[in-house]
Protein chains: 2
Amino acid sequence: MPAPSAPPGERTWSIAEVAEEFGVTHRTVRHYEELGLLTPQRRGTTRVYHRRDRTRLALVLRGRRLGFPLEEIRTIIDLYDAPRGRRSQLEYVLAQIDDRRADLEQRRRDLEAALAELDGFERRCREDLARLG
Amino acid sequence: MPAPSAPPGERTWSIAEVAEEFGVTHRTVRHYEELGLLTPQRRGTTRVYHRRDRTRLALVLRGRRLGFPLEEIRTIIDLYDAPRGRRSQLEYVLAQIDDRRADLEQRRRDLEAALAELDGFERRCREDLARLG
DNA sequence: CTTTACGTTGACGTCAACGTCAAGGACCAC
DNA sequence: GTGGTCCTTGACGTTGACGTCAACGTAAAG
């Protein structure tokens, strides 16, 4: 059963399909649900994934590639869905955004430094190689 | 005993000093030694850290901030110290460099995407805020 | 000489992020 | 019916990266 496309015309996916598509195991998908990172619909007892779930999963996996702990990832993507009706809420969200940005920019500096070192190292290696030529 | 600066005039450090300076615990420093990331000298039974160890520790911590597993970090920084006398060795090292660069550039893409999203989200939040007067 | 500070080596504990069964329900094909 | 495929919920195992003792050595300070 490759997941029904029943009432609102919107396509949905089974757990096996999303796992396959994103290159993770169904256990991983379930784990993310346990942590509140995903909240698929249920058709009876079976999980039904919508576009929204795929979007969130993509965000989770990107955060994972960047080395963030899942708990932290949750607070971030929850931020995107947070209510922003009142001024105080908006100001809180904006403060969080600043924190996140500072973190990401530190990582960017680390990343650029690592890449620069790698470049320098490659140059030296190529010079060594040329000398052996 | 803030570590002796005995024969070659080069300053050295105790485990407490390097831990302090890099903002980690001595347990962490020992753990890194167990994994072969650091190889301090011994004066009797006591560890003595040289500039080289500090350099490596800095690399390790940067790798850690970037979310790399310690084992992977070890293979990378060992690469920097690897023998490159023979052509085959150099070619191996250059291949490894390419692998590493590909990984780092994927991370950079993820990072840029995350920052871009954050920027867009902040703009929307600021617009919401403006609408609230 | 005893205390205090810092060092050492095990060895077990913990937490995150899953892996890996086990046992069973639901539905289709034959 | 039986089998096969995909789904479910536990629940225990594992790995990485340390934390946290315990038990002990050593060397300067009182």
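Note on naming: letters A, B, ... go to the chains in the order of the sequence lines (proteins, then strands), and numbering restarts at 1 for each one.
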Just the atom pairs and distances: protein N or O near nucleotides 27-29 of chain D's N or O, under 3.5 Å.
none

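- In this structure a side-chain-to-backbone donor-acceptor pair under 3.5 Å is missing from Glu72(B) to Pro69(B).
- dC6(D) atom P lies 16 Å from atom OH of Tyr49(A), rounded to whole Å.
- Regarding Arg43(A), its CZ atom lies at a distance of 13 Å from the P atom of dT8(D), rounded to whole Å.
- Distances shown here put a side-chain N or O of Ser14(B) below 4.0 Å from the OP1 or OP2 atom of dG7(C).
- Between Arg56(A) atom CZ and Ile73(A) atom CD1 the span is 11.5 Å, to the nearest 0.5 Å.
- A cation-pi arrangement is absent between Arg124(A) and Tyr80(B) under the rule of less than 6.0 angstrom and at most 45 degrees off the ring axis.
- In this model, the phosphate group of dC7(D) is not approached by any side-chain N or O of Arg47(A) to a distance below 4.0 Å at OP1 or OP2.
- In terms of modelled atom types and a separation under 3.5 Å, the side chain of Arg74(A) and the main chain of Leu35(A) share a donor-acceptor contact.
- Protein atom CZ of Phe68(A) is 15 Å distant from nucleotide atom P of dC18(C), rounded to whole Å.
- In this structure, CZ on Arg42(A) lies 4.0 Å from CZ on Arg47(A), to the nearest 0.5 angstrom.
- A side chain to side chain contact (heavy atoms under 4.5 Å, CB included) with Leu37(A) is found for one member of Asp53(A), Leu70(A), Asp78(A) and no other, namely Leu70(A).
- Put simply, the residue from Arg65(B), Arg62(B), Arg107(B) that forms a side-chain hydrogen bond (donor to acceptor under 3.5 Å, both in side chains) with Asp110(A) is Arg65(B).
- For Ile15(A), taking side-chain heavy atoms from C-beta onward, the closest of the listed nucleotides dT8(C), dT8(D), dA17(D) is dT8(D).
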Every protein N/O within reach of nucleotides 18-25 of chain D N/O, cut-off under 3.5 Å:
{"residue": "dC18(D)", "atom": "OP1", "partner": "Arg64(B)", "partner atom": "NH1", "Å": "3.0"}
{"residue": "dC18(D)", "atom": "OP2", "partner": "Tyr32(B)", "partner atom": "OH", "Å": "2.7"}
{"residue": "dG19(D)", "atom": "OP2", "partner": "Thr25(B)", "partner atom": "OG1", "Å": "2.7"}
{"residue": "dG19(D)", "atom": "OP2", "partner": "Thr28(B)", "partner atom": "OG1", "Å": "3.3"}
{"residue": "dG19(D)", "atom": "N7", "partner": "Arg27(B)", "partner atom": "NE", "Å": "3.3"}
{"residue": "dG19(D)", "atom": "O6", "partner": "Arg27(B)", "partner atom": "NH2", "Å": "3.2"}
{"residue": "dT20(D)", "atom": "O4", "partner": "Arg27(B)", "partner atom": "NE", "Å": "2.9"}

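- One can place CD1 of Ile73(B) at 13 Å from P of dG16(D), the figure rounded to the nearest angstrom.
- In this structure, CD1 on Ile97(A) lies 11.5 Å from CD on Glu117(B), to the nearest 0.5 angstrom.
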